[in-house]
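Computed from a prediction, not measured in an experiment: that's the story for all the values here.
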Amino acid sequence: MTATTDEIMTVAAARELRDGVLCFVGIGLPSAAANLARATHAPNCTLIYESGTIGAKPTRLPLSIGDGELADTADALVSVPEIFNYWLQAGRVDVGFLGAAQIDRFGNLNTTVVGDYADPKVRLPGAGGAPEIAASAKEVIMVLRHNTRAFVERLSFVTSVVKGPRVVLTDLGVLRPDETGELVLVAVHPNVTVEQAKAATGWDLRVAAEVAVTEPPTEKELSVLRALHAA
């Protein structure tokens with residue numbers, strides 16, 4: 001089975017999620033990765049969405065945090081304040097899984113506007129629960145497509161200040177922070193070069209002394225991921 005670049009990225013992100021963790025999930029690419037992990041190697045991972053669903057087990061990828069599939073398949077439904085006050089801000093969430101429109105070299109995120117705030121070129125969906133997830137989850141995993149529009153020298157707006165992400169997964173490779181918190185390219189996906197990743201980055205991307213190549217998706221991982229998308 002031949003994988004697309006998005007599928008390689010999603011599978012790589014899913015592999016970062018350990019079994020048994022409590023994971024606060026964002027919609028889009030993070031949701032695809034988290035649900036793939038739960039359906040493969042991490043069946044005991046508990047997925048939380050900010051709409052108040054705990055232990056959601058969707059059979060298809062949710063369209064939004066308000067998708068009825070999340071409520072129908074959840075172990076419990078609670079209020080939004082309880083999700084944030086009792087679960088997230090109290091330090092009970094192991095992993096926050098986030099996406100964004102823009103990211104800087106230290107993993108800070110923008111999901112608010114592109115361009116001047118008062119007169120933006122693009123108005124984005126907004127913060128949602130991302131700032132609280134970035135600040136309160138024990139660790140943060142990010143997944144987003146790698147290009148100069150997203151990987152920028154300076155964010156148009158700082159929506160979420162991240163205390164140092166554990167890892168950033170893109171459609172080109174894998175980045176992890178060094179001791180200063182700056183993201184470093186540590187792996188590229190099959191058929192991707194270091195030069196491609198550097199050219200797709202809006203700053204002078206640092207590169208590890210030894211850059212690995214990620215393992216391609218297995219047939220099982222691809223089959224499960226495609227079934228989630230097709231349902």
With sequence neighbours excluded, tell me which residues meet side-chain contact (heavy atoms from CB on, under 4.5 Å) with Glu16.
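For Glu16 the side-chain contact (heavy atoms from CB on, under 4.5 Å) partners, ignoring immediate neighbours, are Ile141, Arg166, Val167, Leu169, Arg176.
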For the residue pair [X] and [Y], establish whether any side-chain heavy-atom pair is separated by less than 4.5 Å.
X      : Y      : result
Tyr86  : Val78  : no
His41  : Asp19  : no
Arg105 : Thr201 : no
Leu172 : Phe151 : no
Asp94  : Cys23  : no
Val168 : Leu144 : yes
Tyr49  : Asp67  : no
Val114 : Pro120 : no

For the student: nearest non-hydrogen atoms of [X] and [Y], plus distance:
X      : Y      : result
Pro58  : Ala56  : CD-C, 3.4 Å
Val113 : Leu124 : N-CD1, 3.8 Å
Pro217 : Val11  : CB-CG2, 3.9 Å
Ser51  : Val80  : O-CG2, 3.9 Å
Phe97  : Ala34  : CD1-CB, 4.1 Å
Glu182 : Asp204 : OE2-O, 4.4 Å

If you round to the nearest 0.5 Å, how far is [atom2] of [Y] from [atom1] of [X]?
X      : Y      : atom1 : atom2 : value
Ser160 : Leu98  : OG    : CG    : 6.5 Å
Gln102 : Thr148 : CD    : OG1   : 10.5 Å
Ile65  : Ile48  : CD1   : CD1   : 13.5 Å
Arg18  : Asn44  : CZ    : CG    : 14.0 Å
Ser156 : Asn110 : OG    : CG    : 5.5 Å
Leu228 : Ser223 : CG    : OG    : 11.0 Å

For [X], does the [atom1] atom sit with more than 12 other heavy atoms under 6.0 Å from it, leaving out its own atoms?
X      : atom1 : result
Asn191 : CG    : no
Gln89  : CD    : yes
Lys163 : NZ    : yes
Arg154 : CZ    : no
Arg60  : CZ    : yes

Output, in order, the C-alpha distance, side-chain angles, deciding distance and verdict of side-chain hydrogen bond (donor to acceptor under 3.5 Å, both in side chains) for Thr218 and Glu221.
CA-CA 5 Å; Thr218 65; Glu221 288 169 327; 3.3 Å; yes
Same cluster for [X] and [Y] if Ile/Leu/Val/Met/Phe/Trp/Tyr side chains link at under 4.5 Å?
X      : Y      : result
Leu17  : Ile27  : no
Val93  : Ile133 : yes
Val152 : Val161 : yes
Val194 : Val192 : yes
Val211 : Val213 : yes

Give me the one residue out of Leu77, Thr53, Leu63 that meets side-chain contact (heavy atoms from CB on, under 4.5 Å) with Leu70.
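Of the listed options, the one satisfying the test is Thr53.
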Do the side-chain N and O atoms of Thr10 and Asp6 include a donor-acceptor pair separated by under 3.5 angstrom?
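There is no such pair (donor and acceptor under 3.5 Å, judged by atom type) between the side chains of Thr10 and Asp6.
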Check whether the side chains of Tyr117 and Thr112 place a donor and an acceptor atom closer than 3.5 Å, and report yes or no.
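Note: Tyr117 and Thr112 side chains miss the donor-acceptor criterion.
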Please evaluate residues Asp178 and Thr180 with respect to the criterion side-chain hydrogen bond (donor to acceptor under 3.5 Å, both in side chains), reporting the C-alpha separation (whole Å), side-chain torsions for both, the decisive distance (0.1 Å), and the verdict.
CA-CA 5 Å; Asp178 65 6; Thr180 70; 2.6 Å; yes
Take Arg145 and Leu29, measure what side-chain contact (heavy atoms from CB on, under 4.5 Å) needs, and give me the verdict at the end.
CA-CA 9 Å; Arg145 296 180 182 91; Leu29 292 171; 4.1 Å; yes
Just do the side-chain contact (heavy atoms from CB on, under 4.5 Å) check on Leu61 and Glu69 with the steps written out, would you?
CA-CA 9 Å; Leu61 296 181; Glu69 177 75 2; over 6 Å; no
Give the intermediate values and the outcome of side-chain contact (heavy atoms from CB on, under 4.5 Å) for residues Thr193 and Val188.
CA-CA 7 Å; Thr193 66; Val188 291; over 6 Å; no
Between Leu175 and His146, is the side-chain contact (heavy atoms from CB on, under 4.5 Å) condition met? List the steps.
CA-CA 11 Å; Leu175 299 89; His146 202 146; 4.2 Å; yes
Hey, which of Thr5, Thr170, Thr214 is the one that makes side-chain hydrogen bond (donor to acceptor under 3.5 Å, both in side chains) with His189?
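Going through the options one by one, the only one that passes is Thr214.
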Expected output: side-chain Asn147 to main-chain Ala200 donor-acceptor under 3.5 Å:
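Here the side-chain-to-backbone pair does not exist.
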